[in-house]
Trainee: 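Before I ask anything, here is the structure I am working with.
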2 protein chains.
Amino acid sequence: MVLSSRQLLILQVIIDEFIQSAQPIGSRAISKKEGISYSPATIRNEMADLEELGYLEKTHSSSGRIPSEKGYRFYVDHMLLPFHLSEKDQKLISAVFDYEYVDFEQVVQKSVEVLSDLTNYTSIILGPEVFEARLKQLQIIQLSKTSAVAILVTNKGHVEHRSFTIPAEISGSDLEKLVNILNEKFYNIPIIQLHSRMQVEIGNILNSYITNVNLALKYLHGALFSQQPDNYYMSGMTNMLLQPEFNDVEKVHSIYSIIEKEDLMIDLLRATEQGLKISIGQENKIDEMQDLSLIKATYSLSGEQLGTIALLGPKRMDYSRVVSLINLLSNQMSKTFTDW
Amino acid sequence: MVLSSRQLLILQVIIDEFIQSAQPIGSRAISKKEGISYSPATIRNEMADLEELGYLEKTHSSSGRIPSEKGYRFYVDHMLLPFHLSEKDQKLISAVFDYEYVDFEQVVQKSVEVLSDLTNYTSIILGPEVFEARLKQLQIIQLSKTSAVAILVTNKGHVEHRSFTIPAEISGSDLEKLVNILNEKFYNIPIIQLHSRMQVEIGNILNSYITNVNLALKYLHGALFSQQPDNYYMSGMTNMLLQPEFNDVEKVHSIYSIIEKEDLMIDLLRATEQGLKISIGQENKIDEMQDLSLIKATYSLSGEQLGTIALLGPKRMDYSRVVSLINLLSNQMSKTFTDW
DNA sequence: ATTAGCACTCGAAAGAGAAGAGTGCTAACA
DNA sequence: TGTTAGCACTCTTCTCTTTCGAGTGCTAAT
């Protein structure tokens, strides 16, 4: 069953209007729209058909129509017009990349903010995946007899650091030796392999130099990897409060309880495929996200996928503008990172 | 005008009950309370007096009473009983300090979380002030021809880092020299002085070694200080949604709009005096905080004030438990930091 | 000084009615 | 045959009452 062009037109008008107003749309309102030359009665017939096909819904038996999830899906798949971003939008986005002293974190932080500001939705970005980077330098700086900072720098400029107390069994000079050997031996290996190779490859070598090798390794490892790196950035959570569909504290709370579960969101965002993906309502598979849409796009460095940038808002989202914004932003991010 | 002991008792019961129930308290309910042996009529008379004195309010002409801000203030100043924390609370708090690998950030992060979890209010902590620390080591690690990471480590184990692009006019070896000289010259000076002394003291010395000194200094400085250090930690914002007084999206939004203004909150929290301070409703001087109470306490390292730990919730707060929790936590923080 | 009694006030909840937006269906029309 | 006018019907929303109960303030009795 394929839709007639008139049905398409009416569907489009209803979705566009509903995205604007958040109110059910009636036949009379549609017939008065520019570009529509049918009477309300005709439109009512078409709406009834569209409803039967599953693209529209009613809130009650004599209400106007609102888009169903299937309607949104169709809209997103087949009716998304290329949106022309305003000068202002474009400027605000490029401003993110205009700074002299920049690093990944700063750019990502600014990106997530500009995205939530421009859309009035909640924006989330997964930062560059540290473990894909390679070891540039490892360092231990002793602060006192019993405490030190371990610092790890990757070839992509990411820095991880952690303070720790030096156990009595390990001397400062032993730690230093350990670090020297690790730096020499493991320069430029992927961080993700560091853990396993630390155990396997150098235990023997070190035994001759250092007492308590295992303890020292354990400590060093604990210091560096005890916490997952914070590459999760979110902005505009309160924007949810502005959406009329969430004008009830109950709903807000249920949504926030999901958004706050960082692990869950990371799982949700971690992109499988390159490119842009839209999940509408129940497509998200999570009860609390039934009324939400998630739009995510990947960004990359020299073609290699680096992270995900995403937007969370009501199903009634301004998809066409939002998609343009995300595309522009993710492309700019990719470009900037690759240029460095 | 001093309150009679019966008035005190009634005031206490009303505030305690209201903190529990969030409902206006009537005379009959009070007279049935254990420890009260007066008839409702007697209590009504006392309540009328307490209202005239400004300690109580009515929500409408025939409602029960609720505490006024003056009532809360009196309660907090004169009626706060030492609260015996449950085993569970105490355990959860000490668990924060029980880890093997710890640094400031981790402890602060965990503290802010445990505090909001235990209270169901919003918790904020100002982390240790970096600029009071001293320079332990400065380092530049070159990542490529045109990019590098600058890392600054303080004697307190704080690490600041920033990536930057190396301008064409400056050679890598010059940067290295610069860092060496800075390390030698400025070891152990307070970070806060680093900026000015960099300008004044070593410009001359460096001129002979390095071309483009000023540019290099400018870059290094920009890299290290371009961003304020993130020593602001917050947790439990969504807890506000659980409070019956904020069951209206409007109110939540106005509160969140304030909480999100990091600068403003930092100003509000930065403690002038050592110790614990409670600000109730209008005492906060901020319109949007009329319905909120703020409790803040300082923590310190060897007696030297280090930061602030605070709790934000409705005026109807469980002051006595909350004060005990904050005191315990801030003391533990001070103790832990001093022990290191 | 305390308390019982009582009239009164106000909010919350429930119900009734009117208005209005919108539908579905039927029959007329081009 | 596709389109439209007309009309009965449905359902929400708003407003107006009514009722109920909790709680007060005041007066008079203890």
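In this text the structure is predicted, and so the values were computed from the model without any measurement. So that the names make sense, note that chain A is the first sequence line, chain B the second, and so on, each numbered from 1.
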Trainee: Look at A:T42 and D:dT4 and indicate whether a side-chain polar atom (N or O) is within less than 4.0 Å of OP1 or OP2.
Mentor: yes

Trainee: For A:Q23 and C:dG20, what is the distance between atoms CD and C1' respectively, to the nearest whole Å?
Mentor: 14 Å

Trainee: Give the table of side-chain donor-acceptor pairs shorter than 3.5 Å for residues 8-18 of chain A, with sequence neighbours excluded, one pair per line with atom names and distance.
Mentor:
residue : atom : partner : partner atom : Å
A:D16   : OD1  : A:Y75   : OH           : 2.7
A:E17   : OE2  : A:K33   : NZ           : 3.3

Trainee: Tabulated below should be each protein N or O lying under 3.5 Å from an N or O of nucleotides 23-30 of chain C; please produce it.
Mentor:
residue : atom : partner : partner atom : Å
C:dT23  : OP1  : A:S27   : N            : 3.4
C:dT23  : OP2  : A:S27   : N            : 3.2
C:dT23  : OP2  : A:S27   : OG           : 2.7
C:dG24  : OP1  : A:K58   : NZ           : 3.3
C:dG24  : OP1  : A:R65   : NH2          : 2.9
C:dG24  : N7   : A:R44   : NE           : 3.0
C:dG24  : O6   : A:R44   : NH2          : 3.1

Trainee: Have B:Y319 and B:S293 got a donor and an acceptor in their side chains that come within less than 3.5 Å?
Mentor: yes

Trainee: How long is the span from the CG atom in B:N45 to the CD atom in B:Q7, to the nearest 0.5 Å?
Mentor: 11.0 Å

Trainee: Mind checking what makes side-chain hydrogen bond (donor to acceptor under 3.5 Å, both in side chains) contact with A:R321, not counting sequence neighbours?
Mentor: A:D89

Trainee: Expressed in angstrom and rounded to an integer, what is the separation of A:E57 atom CD from D:dC11 atom C1'?
Mentor: 17 Å

Trainee: Between B:Y38 and B:T59, which is nearer to the 5' end of DNA chain C once each is assigned its nearest nucleotide?
Mentor: B:Y38

Trainee: To the nearest Å, how far apart are B:I30 CD1 and D:dA22 C1'?
Mentor: 14 Å

Trainee: Which whole-number value in Å describes the distance from A:H60 NE2 to D:dC9 C1'?
Mentor: 13 Å

Trainee: What string of B, S and - do you get for nucleotides 13-20 of chain D 5' to 3' if you count protein non-hydrogen atoms under 4.0 Å?
Mentor: --------

Trainee: Provide, to the nearest angstrom, the distance between the CD1 atom belonging to B:I43 and the C1' atom belonging to C:dT2.
Mentor: 12 Å

Trainee: I need the full list of salt bridge (Lys or Arg N to Asp or Glu O under 4.0 Å) pairs touching residues 68-81 of chain B, with sequence neighbours left out, sorted by first then second residue.
Mentor: B:E69-B:K315, B:R73-B:D77, B:R73-B:E283

Trainee: Listed by chain and number, what are the ring pair (Phe, Tyr, Trp, His ring centres under 6.0 Å) partners of A:F74, not counting sequence neighbours?
Mentor: A:Y55, A:H78

Trainee: Take B:R6 and B:E46, measure what salt bridge (Lys or Arg N to Asp or Glu O under 4.0 Å) needs, and give me the verdict at the end.
Mentor: CA-CA 8 Å; B:R6 191 166 68 187; B:E46 295 288 21; 2.7 Å; yes

Trainee: State, without any angle test, whether A:S257 and A:S254 hold a side-chain donor-acceptor pair at a distance under 3.5 Å.
Mentor: no

Trainee: Main chain of A:E250, side chain of A:D248: is a donor-acceptor contact present, judged purely on distance under 3.5 Å?
Mentor: yes

Trainee: What integer distance in Å separates B:I66:CD1 from C:dC10:C1'?
Mentor: 15 Å

Trainee: Report the distance from atom CD of A:E46 to atom C1' of D:dG2, rounded to the nearest whole Å.
Mentor: 10 Å

